Amino acid sequence: MKFDTEYLWYETKARRELVRITDEVSRVVERSGVREGMVLVSAMHITAGVWVNDDEPGLHEDIWEWLQKLAPQGPDYLHHRTGEDNGDAHLKSLLVHHQVMVPITKGKLDLGPWQQIFYAEFDGQRRKRVIIKVMGE
Amino acid sequence: MKFDTEYLWYETKARRELVRITDEVSRVVERSGVREGMVLVSAMHITAGVWVNDDEPGLHEDIWEWLQKLAPQGPDYLHHRTGEDNGDAHLKSLLVHHQVMVPITKGKLDLGPWQQIFYAEFDGQRRKRVIIKVMGE
Amino acid sequence: MKFDTEYLWYETKARRELVRITDEVSRVVERSGVREGMVLVSAMHITAGVWVNDDEPGLHEDIWEWLQKLAPQGPDYLHHRTGEDNGDAHLKSLLVHHQVMVPITKGKLDLGPWQQIFYAEFDGQRRKRVIIKVMGE
């Protein structure tokens with residue numbers, strides 16, 4: 001049984017940013033030598049998400065607008081009494097989930113034709129981590 | 001360590017359709033011979049979801065109505081400048097998540113009494129895939 | 001390859017309650033002897049959620065208010081024709097997801113500094129289960 005773990009660090013320039021990370025995940029899977037298994041891709045922060053969806057810029061704008069509507073940025077979260085101002089980022093993280101499992105078949109990420117893995121930063125401009133853990137044979 | 005992978009194909013008659021797939025997942029788990037482990041059930045498309053919930057027709061209608069409210073079908077998504085008309089289906093997929101991990105104990109899906117696995121099609125009427133990957137011993 | 005499975009039972013006093021379960025999950029991981037692997041933490045009921053986020057009381061109130069807004073309690077769900085009154089709890093479960101996978105590295109839960117695991121009860125006051133399944137080496 002083989003394992004491989006890597007931590008990707010991101011410090012986005014904008015507060016909200018979407019980073020396509022399929023190639024980084026793919027590289028870790030290749031390095032691991034795992035032919036059959038799964039890879040967990042999981043944000044290690046509570047104000048970020050990880051999802052699998054389409055790499056289409058118009059859709060990305062739609063997603064941001066939608067997330068702002070369902071989990072709006074605002075001054076009136078109780079969480080802000082702690083001095084933070086990122087209440088919306090926590091809700092966005094809960095909404096889209098902070099992790100995915102990607103199947104590995106014949107040594108490759110077994111994704112559908114349009115599936116790409118994204119790291120979604122909801123409260124950036126500081127160093128944050130994503131863990132990639134491969135498990136298989 | 002044992003693995004077993006199967007791709008289920010679906011071509012739903014309606015644009016939106018809910019398909020109970022517990023039996024198919026269960027069959028793959030039995031075939032695999034895995035007694036202890038996990039099975040990943042994951043849509044390979046970006047306009048579909050996979051969830052575990054109740055098999056109750058009234059609830060299913062409630063879920064559709066709720067999804068239409070939170071991620072409405074509409075003509076004004078930027079994604080539609082590509083010629084697509086399924087912006088809402090991408091958002092619905094993000095909302096409910098596109099995958100689940102089901103534990104396997106003593107050779108069976110270790111689900112609670114009311115838990116059933118569903119494939120949720122948000123943009124059907126074409127052939128789409130779900131991957132089932134069993135991993136364990 | 002090692003496995004360890006435990007079922008945690010909860011009977012919350014309130015209908016909605018948030019229970020931090022990081023220590024329970026951690027205990028099962030230690031008992032398992034797994035140094036590298038993953039642990040699945042998954043509600044076995046369809047009216048509960050499991051998530052990883054911040055342990056901050058103000059934020060917890062924000063989350064409850066937000067969930068009530070997006071998946072409101074109400075008398076008019078079709079699901080209630082069955083005699084149930086928990087339609088909102090099913091929707092809340094779909095919204096936040098009912099499970100997480102936590103990576104295990106060097107024998108410990110590999111969580112970020114603010115990540116805590118929570119069981120979110122949306123329809124309590126009865127005995128309900130969460131499965132914890134460790135898999136690794």
Side-chain angles (χ1 to χ4, degrees), chain A residues 1-3 18 22 34-42 49-71 91-118 120 134-137, chain B residues 1-7 9 32 37-51 66-67 69-72 74 76-84 86-102 122-123 127-137:
Chain A
M1 200 174 176
K2 287 173 179 168
F3 296 94
L18 201 56
T22 319
V34 165
R35 303 284 303 163
E36 283 293 317
M38 298 179 194
V39 54
L40 172 65
V41 184
S42 191
V50 170
W51 71 60
V52 165
N53 214 288
D54 198 357
D55 189 14
E56 198 279 295
L59 177 68
H60 295 175
E61 287 188 53
D62 292 329
I63 294 172
W64 287 122
E65 198 175 309
W66 176 69
L67 287 174
Q68 287 289 61
K69 204 174 70 186
L70 291 193
L91 303 181
K92 288 177 172 92
S93 171
L94 284 175
L95 183 66
V96 300
H97 215 48
H98 72 293
Q99 60 182 198
V100 296
M101 289 287 281
V102 184
I104 301 167
T105 308
K106 296 181 187 162
K108 301 252 178 244
L109 295 177
D110 201 349
L111 291 166
W114 301 99
Q115 287 186 311
Q116 297 283 341
I117 310 168
F118 289 93
V134 183
M135 176 156 123
E137 218 167 58
Chain B
M1 199 174 178
K2 287 174 179 166
F3 297 94
D4 204 331
T5 304
E6 181 155 325
Y7 305 92
W9 286 94
S32 73
M38 298 179 194
V39 54
L40 171 66
V41 184
S42 191
M44 300 188 77
H45 294 264
I46 51 194
T47 51
V50 170
W51 72 59
W66 176 69
L67 287 174
K69 204 175 69 185
L70 291 194
D76 49 355
Y77 290 108
L78 295 175
H79 183 49
H80 296 176
R81 294 184 304 195
T82 64
E84 292 284 355
N86 59 5
D88 70 298
H90 290 272
L91 302 181
K92 288 177 171 92
S93 171
L94 285 175
L95 184 65
V96 300
H97 213 49
H98 72 292
Q99 60 182 198
V100 296
M101 288 288 281
V102 184
F122 302 130
D123 185 27
R127 275 165 60 77
K128 293 169 84 171
R129 276 191 304 169
V130 177
I131 185 171
I132 300 177
K133 191 176 276 275
V134 183
M135 176 156 121
E137 215 167 62

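Computation of the quantities below employed the complete heavy-atom set of this structure, encompassing side-chain atoms and omitting hydrogens, waters and symmetry-equivalent molecules. Owing to the predicted nature of the structure, the values given are computational and were not obtained by experimental measurement. Numbers restart at 1 for each chain; the letters A, B, ... are given by sequence-line order, proteins then strands.
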Bottom line for B/His97: the part with an atom under 4.5 Å from chain A's heavy atoms is side chain
Rounded to the nearest 0.5 Å, the NE2 atom of B/His45 sits from the CD atom of A/Gln115 at a distance of 7.5 Å
Heavy-atom closest pair, residues A/Leu111 and B/Met44: C-CE, 3.8 Å
Using non-hydrogen atoms only, which part of B/Ile131 is less than 4.5 Å away from chain A: side chain, backbone, both, or neither? side chain
With a 4.5 angstrom heavy-atom cut-off, could you sort out which part of A/Trp114 is near chain B: side chain, backbone, both or neither? both
Using a cut-off of under 4.5 Å on heavy-atom pairs, state which of B/His90, B/Met135, B/Arg81 scores highest against chain A. B/His90
Non-hydrogen atoms of chain A under 4.5 Å away: do they reach the side chain of B/Thr47, the backbone, both or neither? neither
Is A/Glu36 close to B/Met1 at the side-chain level, that is, under 4.5 Å between some pair of heavy atoms? no
Looking at every heavy atom in both A/Met38 and B/Lys133, which two are closest together, and how far apart are they? CE-O, 3.4 Å
Taking the side chain from B/Gln99 and the backbone from A/Val100, do they hold a donor-acceptor pair closer than 3.5 Å? no
Structural part of A/Leu70 lying under 4.5 Å from a heavy atom of chain B: side chain
Counting heavy-atom pairs under 4.5 Å with chain A, the top scorer among B/Arg129, B/His98, B/Lys128 is B/His98
Minimum heavy-atom distance A/Trp66-B/Leu91, with the two atoms named: CH2-O, 3.4 Å
Please state whether the side chain, the backbone, both or neither of B/Tyr77 comes within less than 4.5 Å of a heavy atom of chain A. both
When the 4.5 angstrom heavy-atom criterion is applied to A/Glu137 and chain B, the contacting part is both
How close do A/Asn53 and B/Ser93 get, heavy atom to heavy atom, and via which atoms? ND2-OG, 4.1 Å
Residue A/Ile104 versus chain B: region with a heavy atom under 4.5 Å: backbone
For A/Gly58 and B/Leu78, work out which heavy atoms get closest and say how close. O-CB, 3.6 Å
Would you call B/Glu84 and A/Leu59 a side-chain contact if the rule is heavy atoms closer than 4.5 Å? no
With a 4.5 angstrom heavy-atom cut-off, is it the side chain or the backbone of B/Ala71 that approaches chain A, or both, or neither? both
In this structure, are over 12 heavy atoms from other groups packed under 6.0 Å from A/Gln68 atom CD? yes
